[in-house]
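Written below as structure tokens is the structure these notes are about.
Below, all heavy atoms of this structure are taken into account, side chains as well, without hydrogens, waters or symmetry copies. Everything numeric here is computed off the predicted structure, so don't read it as measured data.
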Amino acid sequence: MQNQNKSLTKGLLILKSIMNSSKPLTANFLCQTHDIDKSTMSRLITTLVNEGFIEYVENSKEIILSDIMNNISQIEARDKIVEKTRTLLDEIFYLTQECSYIGILEKDAVLYLNQVDKSNRVLKTKDSIGLHAPLHANAFGKVLLAYENVDLKTLDLKKYTANTITTVTRLKKEIEEVKQRGYAIGFEEYEFGLFSIAVPYFNNKKEFVGTVGISGLSARVNKEKSHELGKKIFDLVNPVI
């Protein structure tokens with residue numbers, strides 16, 4: 001039993017190293033890192049491959065996480081983002097009295113991870129958790145374009161309304177404005193009668209995580225008020241210390 005526990009510990013150390021690495025690793029590197037002989041390492045890696053936790057890069061000796069492990073890691077990471085921004089979304093809602101959201105980049109689209117609407121309105125914003133939206137046609141997407149590495153030329157700049165940005169030149173200009181003022185605005189660009197305001201969200205290490213903001217009926221918020229709310233949300237999310 002003790003030998004089994006030691007093998008499990010070594011296997012977990014190997015898995016953790018592969019999970020924490022930003023590039024593929026080799027068995028030789030893992031042997032040196034964890035001071036494990038080649039025979040034992042070969043046995044451990046074979047077990048992890050057979051169990052579906054890791055896999056070899058095609059036609060090489062480099063090892064990466066399997067799709068299953070990547071999906072598990074991705075879900076855990078997103079759950080952490082939701083938990084860490086839960087209070088922030090409450091604060092944004094109470095500040096603006098509009099439905100607040102946290103969104104991240106997924107497959108050249110905005111993925112809404114969470115939203116908060118504690119209003120007593122009869123007509124509330126639809127549940128968007130888990131849904132995607134185009135990057136070029138709303139405030140959340142514009143923030144992601146400003147802070148993520150996305151090739152604008154690969155985007156499908158589909159026209160949804162008369163206000164939708166449909167050229168790369170205009171989109172680049174919009175992104176520069178987002179970077180300069182710290183917030184983005186989408187005014188009836190994805191759906192008639194709806195507006196959105198968003199700002200970048202960074203973690204404690206100053207790493208860009210995603211975008212937070214609000215969305216609602218444009219009957220309640222005109223373009224002038226959108227800029228006022230944009231500045232307020234930015235100041236709330238990025239307080240001056």
Can you get from [X] to [Y] by hopping between Ile, Leu, Val, Met, Phe, Trp and Tyr side chains that sit under 4.5 Å apart?
X    : Y    : value
V116 : I129 : no
I45  : L65  : yes
L105 : Y147 : yes
L145 : V209 : no
L194 : Y101 : no

Applying salt bridge (charged side-chain N to carboxylate O under 4.0 Å, His left out), name anything that partners [X], two or more places apart in sequence or on another chain.
X    : value
E189 : K142
E148 : none
R170 : none
R43  : none

Contacts of T154 meeting side-chain contact (heavy atoms from CB on, under 4.5 Å) (sequence neighbours excluded), chain-then-number -> D108, D151

Working note: N114 + R86, criterion side chain to side chain contact (heavy atoms under 4.5 Å, CB included); need CA distance, chi angles, decisive distance, verdict. CA-CA 8 Å; N114 197 18; R86 199 180 302 278; 4.2 Å; yes

Do the side chains of [Y] and [X] get nearer than 4.5 Å, heavy atoms only?
X    : Y    : result
Y94  : L89  : no
E191 : T161 : no
I104 : R78  : yes
I197 : T96  : no
I102 : I81  : yes
S100 : V212 : no
L229 : K225 : yes
L12  : L8   : yes

With a cut-off of 3.5 Å and sequence neighbours excluded, list every side-chain donor-acceptor pair involving residues 54-64.
from, atom 1, to, atom 2, distance (Å)
S60, OG, V57, O, 2.9
S60, OG, E62, N, 3.2

If every non-hydrogen atom of [X] is compared with every non-hydrogen atom of [Y], which pair is closest and at what distance?
X    : Y    : result
E188 : G193 : OE2-N, 3.0 Å
G216 : R220 : CA-NH2, 4.0 Å
L48  : G11  : CD1-O, 3.8 Å
G103 : L144 : O-CD2, 4.4 Å
C31  : M41  : SG-CB, 3.5 Å
S17  : L25  : O-CD1, 3.7 Å

Atom pair [atom1]/[atom2] of [X] and [Y] - distance to nearest 0.5 Å:
X    : Y    : atom1 : atom2 : result
T167 : E174 : OG1   : CD    : 10.5 Å
L113 : L131 : CG    : CG    : 11.5 Å
D117 : Q115 : CG    : CD    : 7.5 Å
T9   : L44  : OG1   : CG    : 10.5 Å
I214 : S196 : CD1   : OG    : 9.0 Å
S119 : Q97  : OG    : CD    : 7.5 Å

Applying side chain to side chain donor-acceptor pair (under 3.5 Å) to D79 and not counting sequence neighbours gives none

By side chain to side chain donor-acceptor pair (under 3.5 Å), D37 pairs with (sequence neighbours left out) T40

Item checked: Side chain S66, main chain F53, donor-acceptor under 3.5 Å -> yes

Report task. Please check if the side chain of T211 supplies one atom and the backbone of V199 the other of a donor-acceptor pair under 3.5 Å. Result -> yes

**Request:** Report yes if the distance between the aromatic ring centroids of F208 and Y201 is under 6.0 Å, otherwise no.
**Result:** no

In short, ring-ring contact (aromatic ring centres under 6.0 Å, His included) pairs touching residues 171-200 with sequence neighbours left out are Y160-Y190, Y183-H227

The complete set of ring-ring contact (aromatic ring centres under 6.0 Å, His included) pairs with one or both residues in residues 30-52, sequence neighbours excluded, reads none

Applying ring pair (Phe, Tyr, Trp, His ring centres under 6.0 Å) to F29 and not counting sequence neighbours gives none

(message) Could you walk me through whether K173 and E176 satisfy the salt bridge (charged side-chain N to carboxylate O under 4.0 Å, His left out) test, starting with their C-alpha distance in whole Å, then the side-chain angles of each, then the deciding distance to 0.1 Å, before giving a yes or no?
(response) CA-CA 5 Å; K173 182 179 180 181; E176 287 304 313; over 6 Å; no

- request: Starting from the C-alpha separation in whole Å, work towards a yes-or-no answer on side chain to side chain contact (heavy atoms under 4.5 Å, CB included) for L152 and L157.
  value: CA-CA 9 Å; L152 301 184; L157 303 183; over 6 Å; no

Q) CD of E224: more than 12 outside heavy atoms within 6.0 angstrom? A) no

Name the atoms and distances for all side-chain donor-acceptor pairs under 3.5 Å in residues 132-141, with sequence neighbours left out.
from, atom 1, to, atom 2, distance (Å)
H132, NE2, E106, OE1, 2.5
H136, NE2, K158, N, 3.3
H136, NE2, K158, O, 2.8
N138, OD1, F140, N, 3.0
N138, OD1, G141, N, 2.9
N138, ND2, P134, O, 2.6

